[in-house]
Amino acid sequence: MNAVLVVARHELRLLVSLVLWVARRRHQTGSGTAFGYARGQGPVMFGLAFVCVVESITMAVLLRDHPVVHRVVLLLDVYTIVLVVALHAASVVRPHVLDADSLRIRRAAHVDLRIPVEKIACVRRELRTAHQRAEGELDVVIGAQTSVTLELSEPVPYFGFLGRRRDIRLVRFHADDADALVRAVTTARSAPSPRPDRPG
């Protein structure tokens, strides 16, 4: 897929997330249980937005004698601030979701991985702050850390931001309440599979 189209779709998802955030709604959680992961990153994101505001004011002063350039730079600066806030909004309104069939692991608008519950071989609480890229492993890092590790019984496909496929056997990700998520996944793994009705 064309990289420009991918970026445009990503930014559209961010803007939709901003609208959902303002409306206090979540994205596609359905009847599943949602687990947030954005609690610790809010101050950092709003700090980044504040830096962008200061930079915008500084550029406005420096370019006050160049009105055309000033308008263009101001527009870009405002859009950047909106995207920074929208990135945090996407992390809030797109939580991880566990339902009867799958665990959906997300990070803002750019990671969305569904893992069938029956393919989860092991789930554990594991806090890690250092991550090295390895074949067959996916680290969905939030605030430089992950707190849950999933080992899979067989690989699941993961498509990166630009569509590149990787087969994943181990996933590390963060949840604000990692203990509750681990308990819920453990319970879902041990629940009996529904049997089809026998013909009478």
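If you read the sequence from its start, that first residue is 1, and numbering goes on from there.
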What side-chain donor-acceptor pairs closer than 3.5 Å can you find for residues 61-70, not counting sequence neighbours?
| unit_1 | atom_1 | unit_2 | atom_2 | d |
| --- | --- | --- | --- | --- |
| Arg64 | NH1 | Val61 | O | 2.5 |

Which donor-acceptor pairs under 3.5 Å do side chains of residues 154-161 form with protein atoms, sequence neighbours excluded?
none

Can you give me every donor-acceptor pair (side chain of residues 33-49, partner residue at least two apart or in another chain, under 3.5 Å) with its distance?
| unit_1 | atom_1 | unit_2 | atom_2 | d |
| --- | --- | --- | --- | --- |
| Tyr37 | OH | Arg94 | O | 2.7 |
| Tyr37 | OH | Ala108 | N | 2.8 |
| Gln41 | NE2 | Ser91 | OG | 2.9 |

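The hydrophobic cluster containing Ile142 does not contain Val92, counting ILVMFWY residues as joined when their side-chain heavy atoms lie under 4.5 angstrom apart, directly or transitively. Linking ILVMFWY residues whenever their side-chain heavy atoms come closer than 4.5 Å, directly or via other members, places Leu15 and Trp21 in the same cluster. Hydrophobic clustering (ILVMFWY, side-chain heavy atoms < 4.5 Å, transitive): Leu76 and Val82 are in distinct clusters. Note on Val111: it clusters hydrophobically with Phe173, by side-chain heavy-atom contacts below 4.5 Å among ILVMFWY residues.
Here the closest non-hydrogen pair linking His131 and Ala144 is CE1-O, 4.3 Å. Nearest approach of Gln145 to Val141, heavy atoms of both residues: N-CG1, 3.3 Å. Nearest heavy-atom pair, Val4 versus Asn2, reported as atom, atom and distance to 0.1 Å: N-OD1, 2.8 Å. Closest approach of Val148 and Ala178 over heavy atoms only: CG2-CB, 3.7 Å.
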Residue pair Arg104, Gln28: steps toward the side chain to side chain contact (heavy atoms under 4.5 Å, CB included) verdict: CA-CA 10 Å; Arg104 188 175 185 182; Gln28 294 182 359; 3.1 Å; yes
Working for side chain to side chain contact (heavy atoms under 4.5 Å, CB included), residues Val140 and Arg172: CA-CA 6 Å; Val140 186; Arg172 299 184 188 94; over 6 Å; no
Verdict with reasoning, Leu20 to Arg26, per side chain to side chain contact (heavy atoms under 4.5 Å, CB included): CA-CA 6 Å; Leu20 291 174; Arg26 287 178 167 173; over 6 Å; no
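Rounding to the nearest 0.5 Å places CZ of Arg107 at 12.0 Å from CG of Leu113. Rounded to the nearest 0.5 angstrom, Arg128 CZ and Asp139 CG are separated by 7.0 Å. The line from CZ of Arg125 to OG1 of Thr149 is 10.0 Å long, rounded to the nearest 0.5 Å.
Between Leu152 and Leu170, every side-chain heavy-atom pair lies at or beyond the 4.5 Å cut-off. Under the 4.5 Å side-chain criterion, counting only non-hydrogen atoms from C-beta, Arg166 is in contact with Leu138. With contacts defined as side-chain heavy-atom distances shorter than 4.5 Å, the pair Leu83/Glu11 qualifies. Side-chain atoms of Val185 and Val117, non-hydrogen and from C-beta on, never get closer than 4.5 Å to each other. Using a 4.5 Å heavy-atom cutoff, the side chains of Leu18 and Leu14 are not in contact. In this structure, the side chains of Arg9 and Arg13 come closer than 4.5 Å at one or more pairs of heavy atoms. Using a 4.5 Å heavy-atom cutoff, the side chains of Leu87 and His110 are in contact. Contact annotation: the side chain of Ile81 approaches that of Ser56 to within less than 4.5 Å [non-hydrogen atoms, C-beta and beyond].
With no hydrogens or angles considered, a side-chain donor-acceptor pair links His174 and Ser147 at under 3.5 Å. Of the N and O atoms on the side chains of His27 and Arg106, at least one donor lies less than 3.5 Å from an acceptor on the other residue.
Applying the side chain to side chain donor-acceptor pair (under 3.5 Å) criterion to Arg114, with sequence neighbours excluded, gives no partner residue. Partners of Arg169 by salt bridge (charged side-chain N to carboxylate O under 4.0 Å, His left out), not counting sequence neighbours: none found. Listed by chain and residue number, nothing satisfies the salt bridge (charged side-chain N to carboxylate O under 4.0 Å, His left out) test with Asp77 (two or more places apart in sequence, or in another chain).
Salt-bridge annotation for Arg189 and Glu118: absent, with no side-chain N of the basic residue lying under 4.0 Å from a carboxylate O of the acidic one.
Of the options Leu150, Val97, Val171, a side-chain contact (heavy atoms from CB on, under 4.5 Å) to Leu103 is made by Leu150 and by none of the others.
No more than 12 heavy atoms of other residues, nucleotides or ligands shown are found within 6.0 angstrom of CZ on Arg25.
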